[in-house]
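Structure first, commentary second.
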Amino acid sequence: MKNILEAPFIKEMQSACSNMYRLGWDERNGGNISYLIPEEDVAEYLDTGKVIREIPISFYAPELIGKYFLVTGTGKYFKNVEGDPETNLGLIRIASDGRTAQLLWGYRDGGKFTSELPAHLMSHIARLSVDPNNRVIMHTHPTNTLAMTHIHSLEEKAFSRTLWGTCTECIIVFPEGVGVLPWMICGNNEIGVATAEKMKEYRIVLWAIHGIYGAGKDMDEAFGLIETVEKGADLYLRYAHFPIVNRISDKQLDELATAFGINYRKEFLDL
Ligand code: 2HA
Ligand code: ZN
């Protein structure tokens, strides 16, 4: 059996958490990540018959029975994942009842998965239903994106159009736009259901005045989506209070998408 601390999936999680912490997105215990790991990858490092303990999940996830997830721990700080992954992360399998997580590694201090697990697992189910290659769900509190949700209309067309207009890259990176939820109480099934509903159409879902959810086939895709939204929001906050002299028009955005062969959400532009 190989040493799990050398596993690429652990190293990817460590560097994602450190990068996000250093970008200032994950203060204290802010943020959480879940990473779907194929059974054959897990089996290189762990005896999959050896369950450390069972932890109930607060909803029924039959679609995910037998699937393995590496998940950040509740109350744990992203800044500490790099130095002590075995305390701050856990590797779970969804048991055959669809209501229990079997812990195979991690949460060494007796801890458990993030309080946002319902939103994560429901989002995995939603993304997998439209993209069987999806593996990562990432939640974080990017500063400028959060600030923008205080001052901008939360209407999805308006928010997406503003982000697309901040720099050339945005419509190319997230052509479907961004889903937006109003401020809601977090950590429960209700926000999980609402997030997952949006995740059927968007890889990015904003939680107003809280943070963002990103999805992707790997860590880079989820991270890259969030980082590009955050770059757009940063730019917006730097110029929104000045008279705007130059803009990318809707027609130019359409031409850009055509040049890059991008199929964007047409109803978000007025052509
Ligand atoms: O895990 O970010 O939304 C801490 C949070 C809750
Ligand atoms: Zn949060």
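Basis for what follows: all heavy atoms, side chains included, without hydrogens, waters or symmetry-related copies.
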Under the side-chain hydrogen bond (donor to acceptor under 3.5 Å, both in side chains) test, which residues partner [X], sequence neighbours left out?
| X | result |
| --- | --- |
| N29 | none |
| R93 | Y68, Q102 |
| K198 | E156 |
| K50 | none |

N-O pairing of [X] and [Y] below 4.0 Å:
| X | Y | value |
| --- | --- | --- |
| D270 | K157 | yes |
| E255 | K251 | yes |
| E169 | K231 | no |

**Request:** State, yes or no, whether a side-chain contact exists between R127 and R203 at a heavy-atom distance under 4.5 Å.
**Result:**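 R127 vs R203: side chains touch.
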Does one hydrophobic cluster hold both [X] and [Y], with members joined at side-chain heavy-atom distances below 4.5 Å?
| X | Y | result |
| --- | --- | --- |
| I212 | F78 | yes |
| I204 | L146 | no |
| M199 | L206 | no |
| V173 | F260 | yes |
| I37 | L46 | yes |

Nearest 0.5 angstrom please: [X] [atom1] to [Y] [atom2], how far?
| X | Y | atom1 | atom2 | answer |
| --- | --- | --- | --- | --- |
| D234 | N144 | CG | CG | 4.0 Å |
| M138 | M13 | CE | CE | 8.0 Å |
| F174 | S160 | CZ | OG | 7.0 Å |

Among side-chain atoms of [X] and [Y], is any donor-acceptor pair under 3.5 angstrom?
| X | Y | answer |
| --- | --- | --- |
| E116 | N32 | no |
| E54 | T100 | no |
| S34 | H124 | yes |

Minimal non-hydrogen separation, [X] against [Y], with atom names:
| X | Y | result |
| --- | --- | --- |
| I262 | P175 | CG2-CB, 3.2 Å |
| T195 | S123 | CG2-OG, 3.6 Å |
| L237 | H241 | O-CE1, 3.0 Å |
| G211 | P142 | CA-CD, 4.5 Å |
| L5 | P85 | CD2-CG, 3.8 Å |
| M219 | A16 | CG-CB, 3.9 Å |

Could you check whether the rings of [X] and [Y] sit parallel, tilted or perpendicular, using 30° and 60° as the cut-offs?
| X | Y | answer |
| --- | --- | --- |
| H141 | H210 | perpendicular |
| F268 | W164 | tilted |
| Y213 | W207 | tilted |

Is a side-chain donor or acceptor of [X] paired with a backbone partner of [Y] at a separation under 3.5 angstrom?
| X | Y | answer |
| --- | --- | --- |
| Q252 | S249 | yes |
| T72 | I33 | yes |
| E176 | Y264 | no |
| E230 | T145 | yes |
| T87 | D84 | no |
| E221 | G216 | no |
| D254 | D250 | no |
| T228 | C170 | no |
| N19 | S15 | yes |

**Request:** Please name all residues satisfying ring-ring contact (aromatic ring centres under 6.0 Å, His included) with F9, sequence neighbours left out, ordered by chain then number.
**Result:**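 Partners of F9 under the ring-ring contact (aromatic ring centres under 6.0 Å, His included) test: Y45.
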**Request:** Evaluate the criterion side-chain contact (heavy atoms from CB on, under 4.5 Å) for residue pair V205 and V180; output intermediate values, then yes/no.
**Result:** CA-CA 5 Å; V205 179; V180 186; over 6 Å; no
So does [X] have more than 12 non-hydrogen atoms from other groups sitting under 6.0 Å from [atom1]?
| X | atom1 | answer |
| --- | --- | --- |
| D47 | CG | yes |
| I185 | CD1 | no |
| R238 | CZ | no |

**Item:** Derivation and outcome, side-chain contact (heavy atoms from CB on, under 4.5 Å), residues V136 and K217
**Value:** CA-CA 6 Å; V136 176; K217 64 182 180 311; over 6 Å; no
**Message:** side-chain contact (heavy atoms from CB on, under 4.5 Å) for F159 and M148? Distances and angles first, verdict last.
**Reply:** CA-CA 9 Å; F159 210 103; M148 191 171 158; 3.6 Å; yes
**Request:** Assess whether salt bridge (Lys or Arg N to Asp or Glu O under 4.0 Å) is satisfied between D109 and K76, documenting all intermediate values.
**Result:** CA-CA 11 Å; D109 60 354; K76 298 295 190 267; 2.9 Å; yes
**Request:** Quick one: name the residues clustered hydrophobically with I94, using the 4.5 Å side-chain heavy-atom rule over I, L, V, M, F, W, Y, and just say none if it's on its own.
**Result:**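 Members alongside I94: L36, I52, I55, I57, F59, L64, F69, V71, I92, L103, Y107, F113, L117, L121, M122, I125, L128, V193.
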**Cation-pi check, R99 onto Y60 ring (under 6.0 Å, within 45° of axis)** =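 Judged by the rule (NZ or CZ under 6.0 Å from the ring centre, within 45° of its axis), R99 counts as positioned above Y60.
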